[in-house]
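Here is the structure we will look at, set down as structure tokens.
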Amino acid sequence: SRHPSWPTSKRALSHFFVPYPVHHSTTTKNIVMKLGYWKIRGLGRPIILLLEYCHTPYETEWYELEKKDDGSWDRSQWMSKKESMPLAFPNLPYLVDGDTRITQSEAILRHVARKHGLLGKDAAQQAQVDMMLGVTADIKTGLVRMAYSPEWAGLSEAYFADKWPGLLRRLVAYLGDKKFLCGDEPTVVDFYFYEIIDQHTVARPGCLDGEGAPLAAYVERFAALPAIAAFLASDRYFKHPINNLSATFK
């Protein structure tokens with residue numbers, strides 16, 4: 001049953017609720033997951049990529065910032081509902097999967113991946129997946145901190161000149177001759193890692209040129225997965241905004 005805090009009016013639905021096509025799933029019959037997040041790529045896009053890949057029926061509940069006359073940002077679409085939501089720790093993104101309601105983006109990724117056997121085939125691979133989830137989160141955090149700074153131009157210039165080359169070499173070395181990050185089949189980390197690397201290519205076109213060619217090939221390989229390619233070609237995909245409207249790099 002619908003909790004009183006879920007958007008119900010036509011006006012609310014126009015802001016918050018955008019239904020995605022329902023795909024057949026052998027593991028989630030008759031259950032349509034609900035993903036709530038800001039209407040940006042951010043931490044929500046890796047989850048959406050995973051849901052699409054797994055052909056999991058889902059709907060999105062979008063929240064948006066609105067700019068005030070004084071130039072500040074109004075977050076009331078989310079903040080006015082946050083504390084009354086049926087969530088133990090209200091936050092964005094959130095996922096509702098039947099009676100399971102969770103927040104924290106990595107917990108959501110693991111929950112979906114667990115249903116589809118994408119956490120790693122054995123303990124050794126799972127350890128690598130866990131490590132690379134942490135590495136990816138660190139990379140994401142660094143990019144986001146710069147993106148929301150008014151000094152984005154200078155900070156990003158220094159990052160791509162000084163830090164990125166060494167990080168790129170490590171990532172390429174780790175990838176090696178594997179098709180995907182932790183093996184020859186996608187695991188949960190690929191959906192997060194692909195999105196963060198793609199955000200880098202938007203922030204700095206050409207950042208995978210030269211010695212980054214193996215990583216560029218990885219990005220192309222992931223994007224060519226049938227379910228991912230279908231999503232990227234659909235009207236459900238948007239390139240911007242990557243970060244919220246209050247960011248310098250959007």
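Please read these numbers as outputs of a predicted model, since none were measured by experiment.
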- Can you check side-chain hydrogen bond (donor to acceptor under 3.5 Å, both in side chains) on Tyr94 and Gln104, steps first, answer last? CA-CA 7 Å; Tyr94 61 75; Gln104 299 299 322; over 6 Å; no

- Does the Trp164 side chain pair with the main chain of Cys207, one donor and one acceptor, at a distance under 3.5 Å? yes

- Task: Quick one: do Asp97 and Lys115 satisfy salt bridge (Lys or Arg N to Asp or Glu O under 4.0 Å)? Show the steps, please.
- Result: CA-CA 11 Å; Asp97 178 13; Lys115 289 190 164 193; 2.5 Å; yes

- Could you give the distance from CE (Met33) to OG1 (Thr100), rounded to the nearest 0.5 Å? 8.5 Å

- Using the side-chain hydrogen bond (donor to acceptor under 3.5 Å, both in side chains) rule, take Asp74 and Ser76 through it: C-alpha gap first, then chi angles, then the decisive distance, then the call. CA-CA 6 Å; Asp74 180 359; Ser76 62; 2.8 Å; yes

- Query: Under the 3.5 angstrom rule, does the side chain of Tyr218 hit a backbone N or O of Phe180 as a donor-acceptor pair?
  - Reply: no

- Message: Can you tell me how far apart OG1 (Thr136) and CG (Leu171) are? Round to the nearest 0.5 Å.
- Response: 8.0 Å

- Query: Any side-chain heavy-atom pair from Ile47 and Leu50 closer than 4.5 angstrom?
  - Reply: no

- Item | Atom pair CG (Leu49) and OH (Tyr237), whose distance is rounded to the nearest 0.5 Å | 9.5 Å

- Distance col, row Leu118:CG vs Asp190:CG, nearest 0.5 angstrom, shows 9.5 Å

- Task: Applying side-chain hydrogen bond (donor to acceptor under 3.5 Å, both in side chains), run through Gln128 and Tyr174 and close with a yes or a no.
- Result: CA-CA 10 Å; Gln128 294 300 310; Tyr174 182 83; 2.8 Å; yes

- Under a 4.5 Å cut-off applied to non-hydrogen side-chain atoms, are Glu61 and Leu35 in contact? no

- Query: Hey, are the side chains of Val202 and Phe249 touching, using non-hydrogen atoms and a 4.5 Å cut-off?
  - Reply: yes

- Item | Salt-bridge contact Glu52-Arg236 (side-chain N to carboxylate O under 4.0 Å) | yes

- Item | Step-by-step ring-ring contact (aromatic ring centres under 6.0 Å, His included) determination, Tyr53 to Phe191 | CA-CA 9 Å; Tyr53 178 79; Phe191 301 89; 5.1 Å; yes

- Message: Checking Val189 against Val135 for the side chain to side chain contact (heavy atoms under 4.5 Å, CB included) test, could you report, in this order, the C-alpha distance in whole Å, the side-chain angles of both residues, the deciding distance, and whether it holds?
- Response: CA-CA 10 Å; Val189 69; Val135 169; over 6 Å; no

- Message: Any carboxylate oxygen within less than 4.0 angstrom of a Lys/Arg side-chain nitrogen, looking at Asp198 and Arg45?
- Response: no

- Taking only residues two or more places apart in sequence, or in another chain, which ones meet Lys67 in a side-chain contact (heavy atoms from CB on, under 4.5 Å)? Trp73

- Query: Can you list the other members of the hydrophobic cluster that holds Tyr148, where links are side-chain heavy atoms under 4.5 angstrom apart?
  - Reply: Val144

- Could you state the interatomic distance from OH (Tyr159) to CZ (Arg204), rounded to the nearest 0.5 Å? 11.0 Å

- Task: For Thr201 and Leu208, work out which heavy atoms get closest and say how close.
- Result: CG2-CD1, 3.7 Å

- Task: Starting at CE of Met85, measure out to OG1 of Thr103 and round the result to the nearest 0.5 Å.
- Result: 10.5 Å

- Query: If we ignore angles and hydrogens, is there a donor and acceptor under 3.5 Å between the side chains of Asn244 and Ser246?
  - Reply: no

- Query: Closest heavy-atom contact between Glu211 and Pro214?
  - Reply: O-CD, 3.4 Å

